[in-house]
There are 2 protein chains.
Amino acid sequence: MSKKEFIKKLRKNGYKATPQRIVIYEIINSFEEHPTAEEIHKEVLKKFPSLSLSTVYQVLHLLRDLGEITELKLSNHSSKFETKSEIHINLICPKCDKILDYYSDTVNTVWSEVENEFNFKPISQRIDVYRYCNECKEIMK
Amino acid sequence: MSKKEFIKKLRKNGYKATPQRIVIYEIINSFEEHPTAEEIHKEVLKKFPSLSLSTVYQVLHLLRDLGEITELKLSNHSSKFETKSEIHINLICPKCDKILDYYSDTVNTVWSEVENEFNFKPISQRIDVYRYCNECKEIMK
DNA sequence: CTCCGTGCAAATGGTTTGCATCTTA
DNA sequence: TAAGATGCAAACCATTTGCACGGAG
């Protein structure tokens with residue numbers, strides 16, 4: 001979604017299109033990985049030095065409620081955020097919490113099979129697979 | 001696993017079989033639902049009035065590390081615990097955090113298909129599907 | 001001009017930790 | 001009796017909240 005479309009979406013839902021919201025939205029989409037709120041804040045500060053961490057949290061929740069991002073709670077009591085995308089598996093390292101997305105046709109096919117079984121439409125879903133990442137595997141040797 | 005087997009497992013792994021650990025283990029297995037640490041503690045106090053919450057946490061982590069239970073982090077920064085069992089889907093209500101387990105042959109079949117695709121053996125996995133539970137659906141009407 | 005949003009600082013609350021004391025093996 | 005476990009209280013820390021000010025519509 002472009003910046004313009006995002007502004008439209010905000011207004012359509014009764015929210016004001018503030019520069020803070022727009023910057024945060026843009027920053028989030030520029031991440032390759034899954035950033036934490038703190039990482040987003042740090043990045044946003046470069047363009048907007050006065051933007052507070054609490055605003056980051058508020059905007060993240062807004063984006064989540066608008067269905068723009070997904071919040072992934074982790075085992076160390078923090079969250080990482082991902083931009084909404086097609087169905088995939090989160091490959092999570094239990095040691096360093098790094099997350100890799102795993103996409104495959106099998107997952108697509110197979111998941112729609114599961115969804116067909118439900119007698120309801122899921123709001124969303126999250127599939128996590130835990131395994132040590134290559135770095136952590138190396139360290140443990 | 002019986003109480004005796006549990007004691008054996010503890011000792012085999014170099015842990016002492018304390019009454020606290022045994023009570024907590026038994027209580028957890030008596031829950032139908034997915035209890036929080038606090039709920040477990042409350043229940044344990046009935047049989048063991050001096051058992052502290054921090055011991056509950058320590059034992060829960062021990063059980064988790066032994067692979068006896070799974071910790072499910074939730075959106076309100078707390079956890080619920082489930083006794084290890086076969087592959088299933090957690091049906092989670094985003095409003096009240098209630099969790100229902102969903103078992104089906106499709107899930108079994110479909111998951112082993114996905115696992116075959118991996119070139120590694122997962123430590124564990126977690127599949128969550130979000131949808132409003134019947135009570136919350138009712139309330140929102 | 002009004003109301004919503006922001007920023008600051010303080011509060012929150014589930015979880016973790018330090019340490020003296022007690023228990024298990 | 002030595003290594004490990006417990007219980008208490010204090011610390012943690014990511015996240016949330018209250019409130020006065022500021023900016024969007």
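Computed from a predicted structure; not experimentally measured.
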request  = Any pair with a residue in residues 3-15 of chain A that passes side-chain hydrogen bond (donor to acceptor under 3.5 Å, both in side chains), sequence neighbours left out, goes on the list, sorted by first then second residue, please.
outcome  = A/Ser2-A/Glu5, A/Lys9-A/Glu68
Span of DNA chain D in contact with chain B (heavy atoms, under 4.0 Å) = D/dA3 to D/dT15
key: Integer-rounded Å distance: C/dT15 P and B/Lys80 NZ   = 12 Å
key: Partners meeting side chain to side chain donor-acceptor pair (under 3.5 Å) with B/Gln20 (sequence neighbours left out)   = none
query = Which heavy-atom pair separates B/Ile7 from B/Ala17 by the least distance, and what is that distance?
reply = CG2-CB, 3.7 Å
message = What does the B/S/- profile of nucleotides 18-25 of chain C look like, 5' to 3', with a 4.0 Å heavy-atom cutoff to protein?
response = ------BS
inquiry  = Tell me the interatomic distance from A/Ile22, atom CD1, to C/dT6, atom C1', rounded to whole angstroms.
reply    = 14 Å
key: Reported CD1-to-OG distance for the pair A/Ile89 and A/Ser104, which is rounded to 0.5 angstrom   = 6.5 Å
inquiry  = With each end axis built from five pairs of C1' atoms, what bend angle do you get for the helix from C/dC1-D/dG25 to C/dA25-D/dT1? Round to 10°.
reply    = 40°
task = Figure out the OH/C1' separation between A/Tyr57 and C/dA9, and round it to whole Å.
result = 16 Å
query = Between C/dG7 and A/Ser52, is there an OP1 or OP2 to side-chain N/O distance shorter than 4.0 Å?
reply = yes
task = Give the rounded distance in Å between these two atoms: NZ of A/Lys73 and P of C/dG14.
result = 13 Å
Interface residues of residues 35-48 of chain B with DNA chain D (non-hydrogen, below 4.0 angstrom) = none
inquiry  = For A/Asp97, is there any backbone N or O sitting under 3.5 Å from a side-chain donor or acceptor partner on A/Lys80?
reply    = yes
request  = Look at the side-chain heavy atoms of Ile, Leu, Val, Met, Phe, Trp and Tyr, link any pair under 4.5 Å apart, and say whether B/Val114 and A/Ile92 land in one connected group.
outcome  = no
key: Backbone of A/Lys16 reached by a side-chain donor or acceptor of A/Arg21 within 3.5 Å   = yes
Length of the line joining A/Leu53:CG and C/dA10:C1', which is rounded to integer Å = 14 Å
note = When B/Glu33, B/His34, B/Glu135 are each screened for side chain to side chain donor-acceptor pair (under 3.5 Å) with B/Lys98, the one that passes is B/Glu135
query = Relative to each other, are the rings of A/Phe120 and A/Phe118 parallel, tilted or perpendicular (30° and 60° limits)?
reply = parallel
query = What closest approach, in Å, do B/Thr109 and B/Asp105 show between heavy atoms, and which atom pair accounts for it?
reply = OG1-O, 2.7 Å
message = On DNA chain C, does the nearest nucleotide to A/Leu51 precede the nearest nucleotide to B/Arg64 from the 5' side, or the other way round? Give the residue.
response = A/Leu51
inquiry  = Can you tell me how the ring of B/Tyr103 sits relative to the ring of B/His88, calling it parallel under 30°, perpendicular over 60° and tilted otherwise?
reply    = tilted
ask   = Out of curiosity, does A/Tyr130 fall in the hydrophobic cluster containing B/Trp111 (side-chain heavy atoms, cut-off under 4.5 Å, transitive links)?
value = no
task = Give, for atom CZ of A/Arg64 and atom CZ of A/Phe81, the distance between the pair rounded to the nearest 0.5 Å.
result = 7.5 Å
